Engineer: 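Sharing a structure here in structure tokens format.
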Amino acid sequence: MHSHGFVRAATSTPQVRTADVSFNRDAIIEEARRAHAAHVDLLVYPELCVSSYAIDDLHMQSALLDAAEAAVVEIAKASAGLSPVLLIGAPLRHNGRIYNCALAIANGKLLGAVPKSYLPNYREFYEKRWFASGITIRGQSIRVGEAEIPFGVDLLFASNQIPGFKLCVEICEDFWAANPPSTAGALAGATILANLSASNIVIGKADERHMLCRAQSARTASAYLYSAAGHGESTTDMAWDGQGIIYELGDLLAESERFALRPELAIADIDTDRILGDRLRLPTFGDSAEAAGRPEDHYRAIRFDHRPAGGDIGLIRPIRRFPFVPNRPNKLDDDCYEAFNIQVDGLMRRFEQTGGGSMVIGVSGGLDSTHALIVAAKVCDRLGLPRTTIRGYTMPGFGTSEGSKSNAWKLMKALGITAEEIDIRPAATRMLEDIGHPYGKGEPVYDVTFENVQAGLRTDYLFRLAGQHNGFVIGTGDLSEVALGWSTYGVGDQMSHYNVNSGVPKTLIQYLIRWTTRTDQFDKSADTILEAILGQEISPELVPPGENGEVQSTEQKIGPYELSDFYLHHVVRYGQRPSKVAFLAWHAWRDKTRGAWPAGFPDAAKNEYDLATIKRWLESFVRRFFAFSQFKRSAIPNGPKVSTGGALSPRGDWRAPSDAVADVWLEELLTKVPD
């Protein structure tokens, strides 16, 4: 895990007793030991957890302040030999003032203290009665016990063991400020932002914290940890829920149980490589740092040694098997509706612009042409045009099965489009004869030329038909095929007038078709045939069935689409190394009984893969994506981007030379992923 840039982080809600410093000290140490046993690298406690938060004027009692300072020293000593960096909260005195501080501790050493910047003094809060604001403190030090440690809001804490582990700390109300201190910390290079909080709970506040954590982690391209005080704080006038939250780049990784009586650890593995990779791709982040006066020039980086666990300690992190497929249960219909209608709107606008009289599409009875056809049907409905505006052609070739042809006809009839059939076999045979191909002489040779002749003829027919009927050709090839180069270039299925599927990978197409049937986007007859098409083997059907009736299988040739889509997302969206992609894929796919599947995903379609299989198909993906297929992408037709995972148009997310080699990626994969 650590070799791939992950940091195991946790929020802690320890047992506390109001103003009982010794009890709180022991509870903090106990949670540190429990986190160590879980191989945690960073542990974030609530605000003022050493003294308790809701103790009002007791904060100004010398005896309590003496005890809190002594407890901090004892906690630091007890941390020696433990893996986590501890962030604890305590009141500290400095130059005749009391500061509400967060202290960083690593392996027996006090690293520094960060004072709270914004002190709430409204409604139920009176912090300015007790504490001084630390908002202007920079470059100073503070004495804690016998140690003189860095003190100020200009501190970042950087691991010597995990390069991407750089930490910025803020405290409770700082987070609610119009300009949170953690924003500057992120712009100075912190990948992980931590908030020690004693936010009391009222109706709706938990949702507000989620909103702020999600927004801050997304806006600053970081991970954000929030740890709130819980049971044991004084309930004289307030109550506490002990909410712990971990977000990364806007994604929720972990959350603690609220209102728990026992100590809580919410644990997740934060991907600092992913964070830094995202920042590389966001010029706005760098521009913001420049506009803010280059905070990295003004922050003090406190480097520390700690004891991250070695070896394989697993991975505590939700990993989406299908990163392109909507996975928010409460937003499932909204997300599918949005994805589907991005395609509908793109095609509708292009059709309006051309002013043509028809949309021409080849209908094979397979997934891609089916999805493109139902998008076109919705375009007609939206524009108030008869569906006969769509001219669908099924063009059986040498490998076309009766099942596929039957499904194509049933679908075209169910949707009420203009439907015709053109048998391309005579023309294909003539072409194979003309070019001297062995098949033209009666030999059963089914090579790439044999396949491409059929794919090319189909496209040629469609373009001539579009000219004849004042229309344009709708492309059907999907994003997965674009990534793998699984198309016939030029006069073939790589080309069209507008490719409505170019931003939609195979796994999303399958899911969107299921969504259209589940939400009754079409009538029952269409739904029935759509379900039948979903159940078919994915095949180009360019080669006749074998002697045992076995049909040509795309996935046996290029690998499972569910794996290649997984690889595509992590390579294009985050630029991950092949070894890390393999690591993530192994954790996502090795056990089909673990982790979440998309809602409504059929049990029979749930697969699992061992590391050897993952490595084999990742090697194939790397070869095809980096060294084989870019020339096809460089000449891709127009088509709408659908997912934040990216698209591969040279006018959009992906620009690359057509003559690159894959050696760098192959070497990294083959040397760093075990057989």
Side-chain angles (χ1 to χ4, degrees), residues 1-12 31-44 81-86 106-107 159 161-165 167 191-192 194 223 225 227 244-249 251-257 263-277 306-323 327 562-563 566-567 569-570 574 576-597 606-615 618 668-669 672-675:
M1 185 194 81
H2 290 118
S3 66
H4 294 293
F6 288 99
V7 173
R8 181 158 295 173
T11 64
S12 171
E31 283 295 276
R33 290 171 177 158
R34 195 155 70 98
H36 172 79
H39 308 299
V40 168
D41 301 310
L42 169 65
L43 185 58
V44 183
L82 301 183
S83 63
V85 177
L86 309 180
N107 196 25
S159 165
Q161 281 70 41
I162 305 174
F165 182 4
L167 176 66
T191 54
I192 300 176
L225 283 76
S227 184
I245 315 171
I246 304 176
Y247 274 88
E248 177 187 303
L249 298 178
D251 296 332
L252 177 63
L253 299 186
E255 182 178 13
S256 67
E257 178 189 348
E264 276 282 301
L265 284 178
I267 303 175
D269 293 333
I270 292 169
D271 190 346
T272 61
D273 272 358
R274 179 178 179 239
I275 291 167
L276 292 170
H306 60 131
R307 301 169 64 93
D312 180 14
I313 58 172
L315 190 67
I316 305 174
R317 176 185 179 86
I319 304 177
R320 294 170 62 180
R321 290 179 173 91
F322 299 92
N327 73 327
E562 56 197 12
L563 284 183
F566 186 95
Y567 304 153
H569 174 82
H570 289 281
Y574 296 109
Q576 303 281 28
R577 302 173 186 88
S579 63
K580 183 166 185 176
V581 176
F583 176 81
L584 292 169
W586 184 64
H587 278 284
W589 287 100
R590 61 177 170 164
D591 185 349
K592 65 183 178 182
T593 66
R594 298 175 62 184
W597 291 85
K606 293 178 179 177
N607 298 314
E608 62 186 24
Y609 303 98
D610 60 21
L611 184 58
T613 302
I614 288 167
K615 182 178 182 181
L618 181 53
E668 204 278 343
L669 172 68
K672 294 191 176 181
V673 178
D675 296 324

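FYI, the numbering just counts along the sequence from 1. Since the model is a prediction, treat every value here as computed from it, not as a measurement.
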Engineer: I'd like to check the side chain to side chain donor-acceptor pair (under 3.5 Å) partners of Glu264; sequence neighbours left out, ordered by chain and number.
Structural biologist: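 Side chain to side chain donor-acceptor pair (under 3.5 Å) check on Glu264 returns nothing, list empty.
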Engineer: Testing the basics here: between Ser12 and Leu265, what is the closest heavy-atom pair and its distance to 0.1 Å?
Structural biologist: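 Of all heavy-atom pairs spanning Ser12 and Leu265, the closest is CB-CD2, 3.8 Å.
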Engineer: Which heavy atom in Gly244 sits nearest to a heavy atom in Ala266, and how many Å separate them?
Structural biologist: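 Smallest interatomic distance, heavy atoms only, reads O-CB, 4.4 Å.
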Engineer: Output the distance between atom CG (Leu42) and atom OG1 (Thr11), rounded to the nearest 0.5 Å.
Structural biologist: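 With rounding to 0.5 Å, CG (Leu42) is 10.0 Å from OG1 (Thr11).
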Engineer: So among Leu225, Ile267, Ile192, which one has a side chain to side chain contact (heavy atoms under 4.5 Å, CB included) with Ile246?
Structural biologist: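 Between Ile246 and the candidates, side chain to side chain contact (heavy atoms under 4.5 Å, CB included) is satisfied uniquely by Leu225.
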Engineer: Taking the cut-offs as 6.0 angstrom to the six-membered ring centre and 45 degrees off its axis, would you call Lys580 and Phe6 a cation-pi pair?
Structural biologist: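 Judged by the rule (NZ or CZ under 6.0 Å from the ring centre, within 45° of its axis), Lys580 counts as positioned above Phe6.
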Engineer: Begin with the C-alpha distance, continue with both residues' side-chain angles, and end with the deciding distance and a verdict on side chain to side chain contact (heavy atoms under 4.5 Å, CB included) for Ile270 and Ile275.
Structural biologist: CA-CA 9 Å; Ile270 292 169; Ile275 291 167; 4.0 Å; yes
Engineer: First locate atom CD1 of Ile313, then atom CE of Met1, and finally report the distance between them rounded to the nearest 0.5 Å.
Structural biologist: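 Those atoms lie 4.0 Å apart.
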Engineer: Quick one: closest heavy-atom pair of His587 and Gly314, and the distance?
Structural biologist: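 So the two residues come closest at CE1-C, 3.9 Å.
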Engineer: Is it true that a side-chain atom of Tyr567 and a backbone atom of Pro578 form a donor plus acceptor pair closer than 3.5 Å?
Structural biologist: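 Not confirmed, Tyr567 side chain does not pair with Pro578 backbone.
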Engineer: Could you work out, with ring pair (Phe, Tyr, Trp, His ring centres under 6.0 Å) as the rule, every residue matching His39, not counting sequence neighbours?
Structural biologist: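 With neighbours one apart ignored, the set is empty.
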Engineer: Begin with the C-alpha distance, continue with both residues' side-chain angles, and end with the deciding distance and a verdict on side chain to side chain contact (heavy atoms under 4.5 Å, CB included) for Asp271 and Leu249.
Structural biologist: CA-CA 10 Å; Asp271 190 346; Leu249 298 178; over 6 Å; no
Engineer: Any non-hydrogen side-chain atom of Ile319 less than 4.5 Å from a side-chain atom of Phe566?
Structural biologist: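 In contact.
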Engineer: Hey, can you tell me if His570 and Tyr574 have their rings parallel, tilted or perpendicular (30° and 60° cut-offs)?
Structural biologist: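 Taking Tyr574 first and then His570, their aromatic rings sit tilted (interplane angle of 30° to 60°).
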Engineer: Drop me the distance from Trp586's CH2 to Glu608's CD, to the nearest 0.5 angstrom.
Structural biologist: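 One finds 12.5 Å between CH2 of Trp586 and CD of Glu608.
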Engineer: Would you say that more than 12 heavy atoms from the other residues, nucleotides or ligands in this model lie under 6.0 Å from the CZ of Arg577, or not?
Structural biologist: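 12 or below, so no.
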Engineer: Anything under 30° is parallel, anything over 60° is perpendicular, the rest tilted; go ahead and classify Phe322 against Trp597.
Structural biologist: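 Tilted, since the angle between the ring planes falls between 30° and 60°.
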Engineer: Within a strict 4.5 Å, meaning less than it, do heavy atoms of the Leu315 and Leu584 side chains meet?
Structural biologist: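 With C-beta onward as the side chain, the pair touches.
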Engineer: Give the minimum heavy-atom separation between Ala35 and Leu43, together with the two atoms involved.
Structural biologist: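 Looking at all heavy atoms of both residues, the closest pair is CB-CD2, 3.8 Å.
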Engineer: Side chains of Ile245 and Leu252: does their closest heavy-atom pair fall under 4.5 Å?
Structural biologist: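 Ile245 reaches Leu252 side chain to side chain.
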Engineer: Quick check: does any side chain N or O of Asn107 sit under 3.5 Å from a backbone N or O of Gly81, one acting as donor and the other as acceptor?
Structural biologist: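 Checking the backbone N and O of Gly81 against the side chain of Asn107, a donor-acceptor pair under 3.5 Å is found.
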Engineer: For the CZ atom of Phe583 and the CG atom of Leu611, what is their distance to the nearest 0.5 Å?
Structural biologist: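 Here the interatomic distance stands at 11.0 Å.
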Engineer: Are the side chains of His36 and Pro84 in contact, using a 4.5 Å heavy-atom criterion?
Structural biologist: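 Contact flag for Pro84/His36 side chains = yes.
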Engineer: Say whether, by atom type as modelled, one donor and one acceptor occur between the side chain of Ser227 and the main chain of Val44 under 3.5 angstrom.
Structural biologist: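 At least one qualifying donor-acceptor pair exists.
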Engineer: Looking at Thr613, Val673, Val581, which hits side chain to side chain contact (heavy atoms under 4.5 Å, CB included) with Leu618?
Structural biologist: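 Only match with Leu618 under side chain to side chain contact (heavy atoms under 4.5 Å, CB included): Val581.
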Engineer: Does Gly5 offer a backbone N or O that forms a donor-acceptor pair with the side chain of Thr272 under 3.5 Å?
Structural biologist: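 Looks like yes, one N/O pair under 3.5 Å.
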Engineer: Can you check whether Arg8 reaches Pro308 side chain to side chain, under 4.5 Å on heavy atoms?
Structural biologist: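 Sidechains of Pro308 and Arg8: no contact.
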Engineer: Restricting to non-hydrogen atoms, name the atom on Lys672 and the atom on Ser579 that form the minimum distance, rounded to 0.1 Å.
Structural biologist: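 Heavy-atom minimum between the residues: CB-CB, 3.8 Å.
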Engineer: Taking all heavy atoms of Pro263 and all of Glu31, pick out the closest pair and write down the distance.
Structural biologist: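 Closest pair (atom of Pro263, atom of Glu31, distance): CB-OE2, 3.3 Å.
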Engineer: Quickly, which of His2, Arg307, Gln161 forms a side chain to side chain donor-acceptor pair (under 3.5 Å) with Asp41? Name it, please.
Structural biologist: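 The single option meeting the side chain to side chain donor-acceptor pair (under 3.5 Å) with Asp41 is His2.
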Engineer: What's the spacing between Arg274 CZ and His4 NE2 if we round to 0.5 Å?
Structural biologist: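 Rounded to the nearest 0.5 Å, the CZ-NE2 separation comes to 16.0 Å.
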Engineer: Distance check, rounded to the nearest 0.5 Å: Tyr609 atom OH versus Leu563 atom CG?
Structural biologist: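 Going from OH on Tyr609 over to CG on Leu563, the span is 5.0 Å.
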Engineer: Would you please name every residue forming a salt bridge (charged side-chain N to carboxylate O under 4.0 Å, His left out) with Asp312, sequence neighbours left out?
Structural biologist: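 Asp312 satisfies salt bridge (charged side-chain N to carboxylate O under 4.0 Å, His left out) with no other residue.
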Engineer: Run the side chain to side chain contact (heavy atoms under 4.5 Å, CB included) test against Asn327 and tell me which residues pass, sequence neighbours left out.
Structural biologist: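 Side chain to side chain contact (heavy atoms under 4.5 Å, CB included) list for Asn327, sorted by chain: Arg320.
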Engineer: For the side chain of Thr191 and the backbone of Gly164, is there at least one donor-acceptor N/O pair under 3.5 Å apart?
Structural biologist: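 Side chain of Thr191 to backbone of Gly164, a donor-acceptor pair under 3.5 Å: yes, one is there.
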Engineer: Among residues at least two apart in sequence or on other chains, which ones pass salt bridge (charged side-chain N to carboxylate O under 4.0 Å, His left out) with Arg321?
Structural biologist: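 Arg321 satisfies salt bridge (charged side-chain N to carboxylate O under 4.0 Å, His left out) with no residue once adjacent residues are dropped.
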Engineer: If we only count heavy atoms from C-beta on, is the His306 to Ile162 side-chain gap below 4.5 Å?
Structural biologist: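 Yes - at least one pair of side-chain heavy atoms lies under 4.5 Å apart.
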Engineer: Got a sec, which pairs hit salt bridge (Lys or Arg N to Asp or Glu O under 4.0 Å) with one end in residues 581-590, sequence neighbours left out?
Structural biologist: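 Qualifying pairs, neighbours excluded: none.
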